[in-house]
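I have placed the structure first, in the form of structure tokens, so that the comments after it can refer back to it.
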Amino acid sequence: MIFDTHAHYDDEQFDEDRDSLLCSMQEGGVGTIVNAGSDVASWEDVRALTARYPFIYGAAGVHPDDVGELNEENFRRLRAVLQEEKMVAVGEIGLDYYWDNESHEVQKTWFIRQLELARELDMPVIIHSREAAADTLQIMKEHARGLEGVIHCFSYSAEMAREYVKMGFYIGVGGVVTFKNSRKLKEVVEEIPLEYLLLETDCPYLAPVPNRGKRNSSLNLVYVAEQIAGLKQLTYDEVVEQTEKNARRLYNLL
Ligand code: NI
């Protein structure tokens with residue numbers, strides 16, 4: 001079944017129908033979801049989701065846009081949250097020079113601290129990187145050696161994807177791959193072996209065609225898997241099965 005490796009069901013856009021939507025997942029072919037907590041306030045919500053739904057696992061971290069709220073006390077809390085049951089990864093963490101909410105130095109400092117925390121806890125990482133290709137790769141090379149993880153919502157070149165695959169990282173592919181103007185990501189999907197690709201929504205954002213612009217959910221991953229199958233000349237089932245296997249390996253859910 002489909003494994004959504006990156007979702008945000010704690011988002012307020014799901015407040016009206018969260019339960020009925022999540023209860024329709026199994027029927028819609030979605031077997032497992034990892035919900036990523038991306039700011040301090042989200043961690044409790046992630047924990048509640050994993051407690052309520054057997055098929056939801058959690059990740060916790062602070063997104064580069066929000067690292068301004070991190071301090072030693074919150075960082076200790078993060079360490080404790082990550083050690084709870086059903087928490088499977090540190091994330092999302094990384095660099096975002098598109099929104100540039102925080103200075104690059106502050107972003108880098110907390111990115112590195114969170115990578116080190118993942119190493120200490122022996123957990124995989126979920127990396128967010130936007131318009132920060134060179135700095136992300138440099139930090140990953142210096143601080144993420146030997147770690148496992150995914151470069152989520154991958155937006156860089158095939159050459160950059162190969163660099164991460166060489167380091168053992170997975171490439172997260174979502175709705176963008178169905179967009180007409182996503183030539184670069186389509187090339188990445190064509191070139192990178194299926195054994196290194198993961199399905200993800202980043203919902204409520206980035207719904208694929210034919211639902212582009214609407215609120216996204218894991219049910220839309222059908223369109224992403226179909227697109228990947230077409231690009232790689234594989235069957236839909238092969239894409240779903242292999243990406244599920246990849247996700248289970250990464251998040252240690254075997
Ligand atoms: Ni996200």
Side-chain angles (χ1 to χ4, degrees), residues 5-8 34-43 46-47 57-84 86-156 160-172 196-198 200 202 246-247 249-253:
T5 60
H6 189 119
H8 299 286
V34 168
N35 198 91
S38 55
D39 60 15
V40 174
S42 72
W43 302 338
V46 174
R47 205 150 54 168
Y57 293 83
V62 177
H63 186 286
D65 289 346
D66 296 301
V67 286
E69 65 180 17
L70 268 172
N71 53 38
E72 293 308 320
E73 193 194 332
N74 284 336
F75 196 70
R76 272 195 299 276
R77 251 191 77 209
L78 175 60
R79 178 185 282 113
V81 167
L82 286 166
Q83 288 170 291
E84 304 238 342
K86 294 188 80 182
M87 293 307 245
V88 295
V90 179
E92 54 192 296
I93 62 175
L95 301 175
D96 193 318
Y97 295 173
Y98 176 78
W99 292 110
D100 252 342
N101 258 7
E102 302 289 343
S103 77
H104 295 186
E105 281 321 300
V106 169
Q107 291 192 39
K108 285 181 194 174
T109 300
W110 286 110
F111 181 26
I112 293 168
R113 287 285 303 274
Q114 293 183 92
L115 287 172
E116 285 168 352
L117 181 60
R119 189 183 301 284
E120 179 196 322
L121 299 176
D122 194 22
M123 291 177 92
V125 289
I126 299 171
I127 306 295
H128 170 105
S129 178
R130 190 163 182 200
E131 294 194 8
D135 283 3
T136 305
L137 186 63
Q138 192 195 341
I139 288 177
M140 295 290 284
K141 283 189 163 166
E142 285 171 19
H143 299 274
R145 289 256 180 232
L147 288 182
E148 295 208 82
V150 51
I151 315 299
H152 121 79
C153 196
F154 193 81
S155 59
Y156 300 134
M160 191 63 87
R162 280 193 293 272
E163 286 284 328
Y164 284 113
V165 165
K166 255 192 271 171
M167 291 171 68
F169 280 79
Y170 291 92
I171 304 298
Y196 285 95
L197 299 182
L198 296 175
E200 62 165 54
D202 207 17
N246 301 343
R249 223 198 105 240
L250 174 64
Y251 293 131
N252 290 303
L253 297 170

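- Side-chain contact between Asp135 and Gln107 is absent, with no heavy-atom pair separated by less than 4.5 Å.
- Note: His152 and His128 have tilted aromatic rings, judged against thresholds of 30 and 60 degrees for the angle between ring planes.
- Within the 3.5 Å criterion, the main-chain N or O of Glu69 finds a donor-acceptor partner in the side chain of Asn74.
- Ion pairing between Arg76 and Glu73 fails under the 4.0 Å rule for side-chain N and carboxylate O.
- The side-chain heavy atoms of Tyr164 and Ile127, taken from C-beta on, include no pair separated by under 4.5 Å.
- For the atom pair CG of Asp96 and NE2 of His104, the computed distance is 9.0 Å after rounding to the nearest 0.5 Å.
- Of all non-hydrogen atoms in Val46 and Gly58, the two that sit nearest each other are CG1-CA, 3.7 Å.
- Between the side chain of Arg130 and the backbone N or O of Ser155 there is no donor-acceptor pair closer than 3.5 Å.
- Trp110 has its side chain out of reach of Ile93: every pair of non-hydrogen atoms, C-beta onward, lies at least 4.5 Å apart.
- More than 12 heavy atoms of other shown residues, nucleotides or ligands fall within 6.0 angstrom of atom OH in Tyr97.
- Atom CE of Met87 sits about 11.0 Å away from atom CG of Leu121, to the nearest 0.5 Å.
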Carefully, step by step, assess His143 and Arg119 under the rule side-chain contact (heavy atoms from CB on, under 4.5 Å). CA-CA 9 Å; His143 299 274; Arg119 189 183 301 284; 5.5 Å; no
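- Looking at heavy atoms from C-beta onward, His6 lies in side-chain contact with His8 at the 4.5 angstrom threshold.
- In the model, Ser129 has a side-chain atom that pairs as donor or acceptor with a side-chain atom of Tyr156 under 3.5 Å.
- At a threshold of 4.5 Å between non-hydrogen side-chain atoms, the residues Tyr98 and Asp65 do not count as touching.
- Looking only at side-chain heavy atoms (C-beta outward), Ile139 and Leu95 come within less than 4.5 Å of each other.
- Interatomic distance, CG of Asp100 versus CD of Glu131, reported as 9.0 Å (0.5 Å rounding).
- Interatomic distance, Thr5 OG1 to Leu198 CG, rounded to the nearest 0.5 Å: 4.5 Å.
- Proximity of Glu200 to Cys153: side-chain heavy atoms (C-beta onward) are separated by under 4.5 Å at one or more points.
- Under the 3.5 Å distance criterion, the side-chain polar atoms of Gln114 are matched with a main-chain donor or acceptor of Val62.
- Within 6.0 Å of CG in Asn71 there are more than 12 heavy atoms belonging to other residues, nucleotides or ligands.
- Ala118 and Leu147 make their closest contact through C-CD2, 4.3 Å (heavy atoms, listed as atom of the first residue, atom of the second, distance).
- Taking CG of Leu250 as the start and OH of Tyr196 as the end, the distance is 12.0 Å to the nearest 0.5 Å.
- Judged by distance alone, with hydrogens and angles left aside, the side-chain atoms of Asn246 form a donor-acceptor pair with the main-chain N or O of Leu197 at under 3.5 Å.
- Here the side chain of Trp43 pairs no donor or acceptor atom with the backbone of Ala59 at under 3.5 angstrom.
- Here Glu148 pairs with Arg249 under the side chain to side chain donor-acceptor pair (under 3.5 Å) rule; sequence neighbours left out.
- The pair Arg113-Glu120 does not count as a salt bridge, with every side-chain nitrogen at least 4.0 angstrom from each carboxylate oxygen.
- No side-chain heavy atom of Met123 sits under 4.5 Å from any side-chain heavy atom of Asn252.
- Summarising the geometry, atom CZ belonging to Phe75 is positioned 7.5 Å from atom CG belonging to Leu70; distances are rounded to the nearest 0.5 Å.
- For Lys108 and Glu105, the salt-bridge test passes: some basic side-chain N is under 4.0 Å from an acidic carboxylate O.
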